[in-house]
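A quick write-up on the structure given underneath.
For clarity, every value in this text was computed on a predicted model and none was experimentally measured.
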Amino acid sequence: MKKLLSFALLSAMIIGSLTACGRTLKTCKVADLDGTIACYDEKLEQYAVEADAALIVSVDNNEWGAAIVEMWDAAHPEAAGAVTFVNDGSQGSTDRLATQLGEYPDVFMAIDGEVTRNAAHLLAFDKVLADLVKANSVETYYNTGNTGEVTVYAPMLYDGMAFVWNKTMLETLGLSTADADKDNLPDAFDTWEEIFALSASWNTGDRPVYKGNPIKVVFPLTLNNQWSDYHHLSSAGWQLFKNGPLDPGYDDPEFKAGFDFTEDAKAAFISVDIAEDGTETLTAGAGMGWNWDGVINSETAPFGLLGTWMNLAGAETSTGSDFIVSALPTYKGEHQATFVKTKGISINAYTEFQSAAHELARLIYSQDGFQGMVDNTAYPPSLAEGSALVPTLTAGGVQEQMMKGFLYSASEFTGTLPLNKNQTAMGAAYYQSFLNDAQIAIWDGTKTIDQAIADLVTVSDAALAAANVAP
C-alpha cells in the first residue's frame, strides 16, 4: 500500500507496469527487489517477497479475509503479519483507485464489468500469473475483464442471485415439497402460475400464520432494484442491450410483454399490507423494495431470491429451517434469467510491492485459495472445466445448489458508450431511477404500460445522449 503519487510519476509507473512485469528471473534475491518488478522464482515456484512488504487485501467477507491472511502467514512465515485485510462490502468498486486520497488495497476483489474501464489503474500480471489465470478461467468471463494481450483480472467466483424457498415453512403449512424431477423446486410450485394461485388463495381465504406471524408476502418482488428486477423484466425473453450500447431495448415487444408477469403478481396480491382492523391492501409500488434478506433471516415469505453474498448457512442455523436453492420457476413455460457476473483478483497499479502483491494474488488464485473461498463464503468458484484448482464442494451445499440456480442466468452487458469509454451503458440507461419510476407507475396504475414505456424510452434516450460525450 502507499499514498497516491504525483501525476508524472504515476504515469511512468502505469506505463512501466505494462512492460516490466513480464520479466521472469531464475533466481530472486530479495535484496535486489525495489517494489517495481514481480520476480518469480522458478525453483520455489513462487514470487519473491520484498523484505519490507506490507500489503492490504480487500474482500467482501470477514471470514474469507481472515483465511487469506492465515494462508499467507503459513506460506511465508518469514513475512508473517505482512498481509492484512479490509472488508469493502459486496459493492466495492475499482473507481476509488483513481480518486482515493489515503491508503488503498494492493490486491482486491473486482467486479468484472468495472475492470476494463479502470484498467489504467490496474497492474498488468506477470507472465507466470497471467498464464495460470488464462489456463484456468472460463473464457467468457476472462474476456469480460481482460482485453488485448494484457491480463489485469483473474475471475474467481460467480456473483448473482438464484431462487430460494423455505422447505420447512411449506411443510409446516401442509403444502407438498415433493421434487420428483430433482430440479430443486417443489413439483407443486415449479411454475409462477402455481405460486400466484397460492398467493391468490391466501388473499381470499384465511391467511396462514407461521411462527406467530401472518404471511403477508409470498414473494417479495422488487420494483426499484434493477439488479434483481431483471428476472421479471426478462419474463418474455427480453435481452438488455442486444442491439448495442445505445439501445437498451425498452421499445422491444419482449420488454412490454414482460410486464404480464408483474400484472399477474399484482392480481395475485403477491404482497399485502394488513391494517389493524385486518383489512388487506396490495403493497404500494414504493414499498416493493429490497426485502430478500428477510426471506431467509426473518422467514417473511416462502419464496424469494438469494444472493451469493448472503449467509444461508447462518440463516438456517438461526431459524432452524431448511432452505433450498434452485433456478427460477417457469412463467408461461419459459425460464426467467437472473444476472450473474464474476468477481476476481486485480492488483493495484500503485502498489509499492509488486512482487509480494503477485505472490499474494498467486496464493489466492490457487487450489488452497479457492478452498478458503468456498469454505468461508457462499460463492461458487468460476473455473474452467478440468481445472486442477477446483476446490472440494460440500455435496448438496449452497455452492452446488447455486450452480443449479444459475442454469438460466444472464451476463450483464459490459460495453461502454462509443464516445465515452469511462461510462458503461448499464450505468447510463439501466441502473437508473427512471426504470424504477416506470415499474412503480405500472404497478400503482398511475400509468398504462404503453405510457410508462414511452416515457421510459424518451428519458433513457436522453440520458444516453448526455452520457455519450467524449470526456
Side-chain angles (χ1 to χ4, degrees), residues 161 163-177 185-186 188-225 228-236 256-306 328-334 336 338 436-449 452:
M161 303 193 81
F163 193 69
V164 65
W165 51 281
N166 190 328
K167 181 178 181 182
T168 303
M169 179 189 288
L170 292 180
E171 291 178 345
T172 300
L173 298 177
L175 300 170
S176 173
T177 61
L185 276 170
F189 302 107
D190 55 9
T191 72
W192 281 109
E193 287 85 351
E194 291 165 324
I195 291 174
F196 291 156
L198 175 68
S199 181
S201 71
W202 286 358
N203 185 60
T204 57
D206 293 330
R207 184 162 295 278
V209 174
Y210 182 70
K211 294 186 178 180
N213 299 307
I215 302 175
K216 298 183 291 183
V217 181
V218 176
F219 177 81
L221 185 73
T222 58
L223 300 174
N224 63 2
N225 181 268
S228 55
D229 292 347
Y230 191 71
H231 87 88
H232 63 259
L233 294 174
S234 67
S235 292
K256 177 181 177 180
F259 283 97
D260 289 349
F261 177 87
T262 49
E263 291 292 276
D264 286 350
K266 178 180 174 181
F269 285 81
I270 201 78
S271 174
V272 301
D273 297 321
I274 302 178
E276 291 184 3
D277 64 0
T279 302
E280 298 184 6
T281 56
L282 182 72
T283 301
M288 301 292 285
W290 182 280
N291 293 300
W292 305 119
D293 298 87
V295 174
I296 63 171
N297 295 322
S298 304
E299 300 185 278
T300 54
F303 307 104
L305 293 183
L306 178 75
L328 285 155
T330 59
Y331 177 68
K332 295 185 177 182
E334 301 296 328
Q336 297 171 328
T338 54
N436 305 344
D437 295 340
Q439 294 191 82
I440 291 172
I442 292 170
W443 182 268
D444 290 341
T446 58
K447 291 182 181 180
T448 66
I449 293 176

- line: Residues pairing under salt bridge (charged side-chain N to carboxylate O under 4.0 Å, His left out) where one sits in residues 208-221, two or more places apart or in two chains, turn out to be Lys211-Glu299
- prompt: Tell me, do Ile195 and Trp165 make a side-chain contact under 4.5 Å, heavy atoms counted?
  reply: no
- request: Decide yes or no on ring pair (Phe, Tyr, Trp, His ring centres under 6.0 Å) for Phe196 and Phe219, but give the supporting numbers first.
  value: CA-CA 9 Å; Phe196 291 156; Phe219 177 81; 8.6 Å; no
query: What distance do Glu171 atom CD and Asn166 atom CG have between them, rounded to the nearest 0.5 Å?
result: 9.5 Å
- prompt: Do you know the tightest heavy-atom contact between Pro220 and Gly304?
  reply: CD-CA, 4.3 Å
task: Would you give the length of the straight line joining atom CD1 of Ile442 to atom CZ of Phe259, rounded to the nearest 0.5 angstrom?
output: 4.0 Å
- line: salt bridge (charged side-chain N to carboxylate O under 4.0 Å, His left out) pairs touching residues 197-208, sequence neighbours excluded, are Arg207-Glu280
Ala268 backbone acceptor or donor facing Ser199 side chain under 3.5 Å: yes
query: At their closest point, which heavy atom of Ala236 faces which heavy atom of Gly258, and how far apart are they?
result: CB-N, 3.9 Å
message: Determine whether His232 and Tyr331 satisfy the following criterion, side chain to side chain contact (heavy atoms under 4.5 Å, CB included), listing intermediate values before the conclusion.
response: CA-CA 9 Å; His232 63 259; Tyr331 177 68; over 6 Å; no
query: Can a donor-acceptor pair be found between the side chains of Ser235 and Gln336 at a distance below 3.5 Å?
result: yes
- prompt: Sub-3.5 Å donor-acceptor pair from the side chain of Asp444 to the main-chain atoms of Gly285, do we have one?
  reply: yes
field: Heavy-atom closest pair, residues Thr262 and Trp443
entry: O-CZ3, 3.5 Å
- line: Shortest non-hydrogen pair, Asn436 vs Asn225, comes out as OD1-N, 4.3 Å
Non-hydrogen side-chain atoms of Phe261 and His231 separated by less than 4.5 Å: yes
task: Could you tell me whether the side chain of Asp277 and the main chain of Thr279 form a donor-acceptor pair under 3.5 Å?
output: yes
statement: Rounded to the nearest 0.5 angstrom, the CD1-CH2 distance for Ile270 and Trp202 is 9.5 Å
task: State, with a plain yes or no, whether a side-chain heavy atom of Leu328 is found less than 4.5 Å away from one of Leu305.
output: yes
- line: Rounded to the nearest 0.5 Å, the CG atom of Leu306 sits from the OG atom of Ser228 at a distance of 12.5 Å
Sidechain-backbone polar pair: Thr338 side chain, Met161 backbone, donor-acceptor under 3.5 Å: yes
task: Say whether Thr281 and Asp273, considering side chains only, have a donor N or O and an acceptor N or O under 3.5 Å apart.
output: no
- request: Looking only at non-hydrogen atoms, find the nearest pair between Leu221 and Ala265 and report the distance.
  value: CD2-CB, 4.3 Å
Nearest-0.5 Å distance, CE of residue Met288 to CG of residue Asp229: 10.0 Å
- request: Please collect all salt bridge (charged side-chain N to carboxylate O under 4.0 Å, His left out) contacts where either partner lies in residues 193-203, sequence neighbours excluded, each pair once.
  value: none
- request: Only pairs at least two apart or in different chains count here, so list each salt bridge (charged side-chain N to carboxylate O under 4.0 Å, His left out) that has a residue in residues 256-269.
  value: Lys256-Asp450, Asp260-Lys332
- prompt: Out of Thr172, Ile215, Leu175, which one pairs with Pro208 under the side-chain contact (heavy atoms from CB on, under 4.5 Å) rule?
  reply: Ile215
message: Test of understanding: with side-chain contact (heavy atoms from CB on, under 4.5 Å), list the residues that count as partners of Thr300, not counting sequence neighbours.
response: Val295, Ser298
message: Going by the rule ring pair (Phe, Tyr, Trp, His ring centres under 6.0 Å), which residues pair with Phe189 if we only count those two or more places apart in sequence or in a different chain?
response: Phe303
query: Is there a donor-acceptor contact under 3.5 Å from the side chain of Thr283 to the main chain of Ser271?
result: yes
field: Atom of Asn224, atom of Trp290 and distance for their closest heavy-atom approach
entry: OD1-N, 4.2 Å
field: Flag side-chain contact, heavy atom, 4.5 Å: Val217 against Asn291
entry: no
